[in-house]
Amino acid sequence: MAAPRPLERNVYTQTLDCIHCGLCLSACPTYVVTGRESASPRGRVYLMRGVAEGEIELDPVVASELQLCLGCRACESACPSGVAYGAMLERARESVVDAGLRRGPARWLERWALRHIVPHRRRLHALASLLAVLQRLRLDRLVFRLPLESLRRAGSLLPAVPGRLDRRPLPAFSAAEGERRGRVALFEGCIASELFAAINHATLRVLTRNGFDVVVPRGQTCCGALQAHSGDLSFARKLARENLVAFSARDTAAVDALVVNSAGCGAALRELEQWLPGEGAAVAAKVRDVCEFLDEVGLRPPPHRVAARVCYDDPCHLIHAQGIAAAPRRLLACIEGLELVSHAEPDSCCGAAGTYNLTQPDMSRRILDAKITALEAAAPDIVATGNPGCLLQLQAGFDERELPIRVLHPVELLEAAYR
Amino acid sequence: MTDRLSSSVRDVLRQELAGTLRGHEPPLEVAGSRLDLTIAPDSGAELATTLAVLTRESVPVLVRGGGNRLALGNPCRGAQVLLCCRGLVGVDELDAADGVMHAAAGTPLGELSRQARHAGWELPLDPPGENATLGGALATAIGGPRRLGFGPTRDCVLGLEVVLASGERTRCGGRVVKNVTGYDLAKLYVGSLGTLGVIEAAWLRLHPAPRLRLVRVAQFDAAERAFTLALEAARRPSASAVAVVSAGLAERAPELRELHCRPGSWMLVCEFAGDAAVCGADRDWLARAGGAQEAREESVTALRELQTDAAPGGLRARLHALPSSLEAIARHLRAAGAELLVYPIPGVVYASFAPREPAGRDHRAAWFDAALAALEEAKRFAAAEFVLEELPDSRRAECDVFGAAGGSLGLMRALKRRFDPQGLLNPGRFVGGV
Amino acid sequence: MSRGHAALIERLARVVGSSHCLSSPAELFAYECDALTLDAVRPVAVVLPEDAEQVSRLVGVCGELGHPFVPRGAGTGLSGGAHPVEGAVVIGCSRMRRILEVDAENRLAVVQPGVVNADLSAAVAHLGLCYAPDPSSQQACTIGGNIAENSGGPHTLKYGTTTNHVLGLELVLPDGERVRLGSKSGFAAGYDLVGAVVGSEGTLGIVTEATVRLVPLPEGVETLLAVFPDLQSACRLVGRVIGAGMIPASLEIIDQRTIAAVEASAYAAGLPLDAGAVLLIELDGAACGLADQVASIREFAASEGVRELRVARDEDERALFWRARKGSFGAMGRLAPDIYVHDAVVPRSKLPDVLERICQIADRYQLQLSNVFHAGDGNLHPIISFDRRSDEELGRVVAAGREILELCVAAGGVLTGEHGVGVEKRDYMGLIFSAADLAAMTHLRDAFNPTGICNPGKLLPVTRSCVESGSKARARVSPG
């Protein structure tokens, strides 16, 4: 029997769910920019199907159209047939890597960093400390001399590393304030816990202020989303297993919810079942985005005013992958003095998309430009969004145009209202 | 092509089309043609035979329905036979459940309206002309005052049966209310002045008969107020007819004269039709805006005839323009001496100029040139288009009443060539001599 | 790159730039069909121009080198209107997506053909206006595609189809000439060429700019859901409503088979599985006129034996009512890899009888079929779920489709109400039109497109009067 064609085993069956109606097209940022059917969700699914059926080769063009996808999953929200596009994309990208269609130093560096730096809290911490020193000495500008475009872009995105105190580890247990309403586990994340240490601390405080004991299970690691999106599914599965163990420990399993404050991580953890069939369901069922959770249990009215015009921009992995759009807006509306203003297409991608802004800088830039233009027109003081990648991307976009707009996580605004 | 029908052809026609044919001696002079014969088929099959024979013998024809709008269009060049379609009469289906009807082209609109009303529906066509036929209404596609509520002529046409110049009987569209099966040829035939084929019958979409009609009028000295209010009124949910009439023109219709229009003012006529609650709300709105004078339904139907009103030997034009430019056009043409009837939606102005001096046979009338210049000026500043509907015969030869057709004339000529290769149907009457 | 077409591709790329001229096998593969998957042909090139000038030059290149060209919007069409033919160049309008002008005072907009239908309505919503034709694919389909197909939608009963909303066009003719048809006022002397081009399925040229009418957003909306024990009584209520002189914005029926499919899918809207049919009624217009209409409908529905009549209390409930209607295609899509949606129209009074017989046909061919349709217009949408990888099954789908069409035509109906003829139904045209009728249509096509270079093989039978062959699908090899 002949060897199976690429994508035949891992993707093909799912491609048949697509009825080729095309309703996803206008929801796709890369289709909107390029106008190319092959850079649309329907087109990509059709390419996957074509490869699996042997109609076309898994060639560099197919690979590059798959790489050009942001993985924002706006198409899933638009799809009438419930096509599981995100899952198909991860598997197809794995096949692209297996077929040797992603090579070169940039790819090597990406894979190395995602395997050997990102999931290791101590290495990340050390790297962040080094970066902090470089930033203080203004040596970080040197990054712009590096030969790799993706590294230069990374350099331009990096925010100032928070102080060592802010980056201290979260306590393993924090007690509820006031009347106790329950107990939750908190997912820390990887890079964000260093670069956006304040968000984790804010999440912790908002949860305790709302009457929840918070445990931060040791042994948890990176969620694996970045690795999966880049085609390294096997490593993503390894990380998923580690997390499964961490969150299945006896004291942790008893929590009301596993609270996540990063949309990307939340989406990945919710889909644990896909990576670890038959095992991940129990943990996945407990996953809640922090805004979703607070909205569900009922937010304790924050006592202080936060006078600001705020635009809420939906992270793709919150609205499209988890279907959460109203909760964060409702929470922000609870803050006195905060004026929630709307802007055009809040549900469209900002172009961050994990490591996308590093691997596809041109497309990322074009998508970001449209987003910044839409936000600028609404003239907010603050843009709130609940995903680290989006926070970096949007802030870099505003800074570049020298707009006095700050980008914050909704829990940071909530925390300010409790302070 | 000779001027007169040769006696041999005449004999052939007499032989093959006996019973429907009548000779004229001296020839009948109609719309620029001298016609030797009238042929009046009374069935679709006869119409088809007639056209087949005429085409075989290369005889140009002038097609006539009710005969109301024969003055419309350019002079017909060299037609020898008058093809009268008034014999094709009858409603052979009226589906009261679906609100659709099938009727032969020569049926008078009055008859169709009556039958529609009887079945609880309304025929959405109200062109001017007492004895207008269905075929004529479709071929000219000129709306009346209720065009606002009815929509353009073409909207009520679901399907057509058309006999081509070759004598072939063809169909397009159908009897259902929604249909994209094949090219929408009905759009081409409607408004084509019979130059592509002769309409034999049509499937029509009827409108629900309104439960209530309310007519209100108001008078304004300031054009600005009249036109602003007219446009707002026309955009009310139950508006079925809205017009602004200059006082001088209103005087010419008894139904409007009785409302005592002040000289120099503008009369706004509004009709609301349909649901009682909605009509009532719109009536109250108009009353608050200053239009409370009650009027009879006849003041709306009177507008229809004002569309074709013209001083003997005068000039009447129909302008089409955007609603926002109507006031400026109206002021401008009024200043140039025209009497006006304006439908704010879809933006139509009927401007009629009376001759101011006796037009001698050899000296050009200055008033005519001035009127034409005023129309051209409106065309320029308001991006309007105009069609001359009535003008002194002496002037017909020297201008295309439709103006320049622009870049699409080539396509129109190509269509004419393919549908009527010998150019026998209403030759020269349409745009650019088509 | 297909080697034989290097010269063509080089010439095309010179017009649009190489990044907008697609010629690799994978890129071309993605253009081999639109939302009709019964048939597929790979084009030799795909070009994505950004303005009329480029379209005109591309058309010129195609003419010079003798390649047919096929206009394409978003490729959401269901009759194969954007299917390439052998040797064709696809000219996609996906990059021509600018709204050029919005004139709120005169209620019109000037747009490029690639503007997405729903985007136009969204862009004018703040002015209290919208673009009325709302095909079910409005979130993705383009105005240019709508013009080609004369698209309708659930709200055409009251607002009409695309043809009622187009005032003027700029068209690139098959010889590359650019012409303007119609005008902002909607009037242009001469033949109604705009009316002829709308619905011509891209066979008369490529629309490069459209002036369209905008309508005010309705002041009030009422949405009702009537649950009936059988399809007949739902149809009777439709007749009563129409007969009483009401013109609801939409009257949509969902049959029992569809309810079953929808309720088993992610689009479950809580419809009772034992209901024979559900009728969705939407009324809009002046707020003061709606209460009376709702009361009349209540009365009619009761006398027709309605089981339950729900009136949406708010926007959320309204969305829930529409959920089942809008999710029905997707729900049917989950039952098998492909769906085939028919689009015949029959006189409203014939609906119950025709529907029953359509179900019998499907049963006889052992096909999964459901009916969800625009009852107010008599526009049926029988949806067949199938798997194109099985030639045998495909044969049954095509045969059943033909029987369904013959049935509808016999009832006084037509082949298509809003999806177009395309390649799918072109060979059935002989069922309702005579050779002379089709010859007249050919006159129109030939006047615009004398060489036949523009979107060949669509709308008209390839050889006159041929009713013999249905659509043939390319045999595909399934893996495994």
Side-chain angles (χ1 to χ4, degrees), chain B residues 95-99 120 151 154-155 164 168-172 174-185 187-188 190-192 208-209 211 235 237-238 275 277-278 281 320-324 346-347 383-385 387 402-403 405-409 411-412 414-415 418-419 430-432 434, chain C residues 105-106 149-150 152 156 160-161 163-164 179-181 183-193 195-196 198-200 239 242-243 245 247 285-286 288-289 292 345-349 377-379 412-418 420-421 429 432-433 436-437 440-441 443-448 459:
Chain B
D95 185 337
D98 261 3
R154 63 178 213 170
D155 283 9
L164 300 186
E168 281 175 300
R169 298 172 75 180
T170 65
R171 288 186 315 123
C172 59
R175 67 167 289 172
V176 292
V177 295
K178 192 174 173 191
N179 186 359
V180 294
T181 315
Y183 289 113
D184 197 353
L185 292 181
K187 297 282 189 295
L188 277 187
V190 171
S192 68
R211 295 192 186 154
R235 285 176 171 162
S238 72
D275 180 89
V278 185
H320 295 261
L322 288 174
S324 61
E385 293 288 331
V387 174
F402 296 101
S408 57
L409 187 59
L411 285 172
M412 296 187 196
L415 281 165
R418 291 180 193 270
F419 279 86
F430 208 33
V431 180
V434 164
Chain C
E105 195 180 5
N106 291 304
E149 301 298 324
N150 187 15
T156 54
T161 56
T163 193
N164 305 109
V179 291
R180 289 203 165 268
L181 311 176
S183 68
K184 282 185 178 174
S185 72
F187 174 83
Y191 299 129
D192 181 1
L193 299 181
V198 177
S200 63
I242 302 271
I247 306 181
C288 62
D292 277 358
V345 190
V346 296
R348 272 181 293 245
S349 44
D377 303 315
N379 190 183
V414 295
L415 305 178
T416 169
E418 55 186 8
V421 174
M429 288 285 277
I432 51 173
F433 291 119
D437 302 340
M441 291 186 188
H443 290 333
L444 167 59
R445 188 193 60 192
D446 292 352
F448 281 76
L459 198 146

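Every chain is numbered from 1 and lettered A, B, ... according to where its sequence line falls, protein lines coming before strand lines.
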Using non-hydrogen atoms only, which part of [X] is less than 4.5 Å away from chain B: side chain, backbone, both, or neither?
X	answer
C:T163	both
C:R348	both
C:D377	both
C:I242	both
C:L444	both
C:V345	both
C:I247	side chain
C:T156	side chain

Relative to chain B, which of [options] shows the most heavy atom pairs under 4.5 Å?
options	value
C:G289, C:G190, C:A286, C:S200	C:G190
C:G378, C:G243, C:C288	C:C288
C:N164, C:D292, C:T161	C:N164
C:S185, C:G239, C:A189, C:G417	C:G417

Relative to chain C, which segment of [X] carries a heavy atom at a distance below 4.5 Å: side chain, backbone, both, or neither?
X	value
B:D275	side chain
B:L185	side chain
B:P346	backbone
B:L164	side chain
B:A281	side chain

Any side-chain heavy atom of [X] sitting closer than 4.5 Å to one from [Y]?
X	Y	answer
B:R154	C:D192	yes
C:L459	C:R445	no
C:V179	C:L193	no
B:L188	B:Y183	no

Nearest atoms (heavy-atom pairs only) where B:D184 meets C:G195: CB-O, 4.0 Å
Geometric class of the B:F402/B:F430 ring pair [parallel <30°, tilted 30-60°, perpendicular >60°]: perpendicular
Exam field: side chain B:T181 to backbone C:T416, donor-acceptor pair closer than 3.5 Å: yes
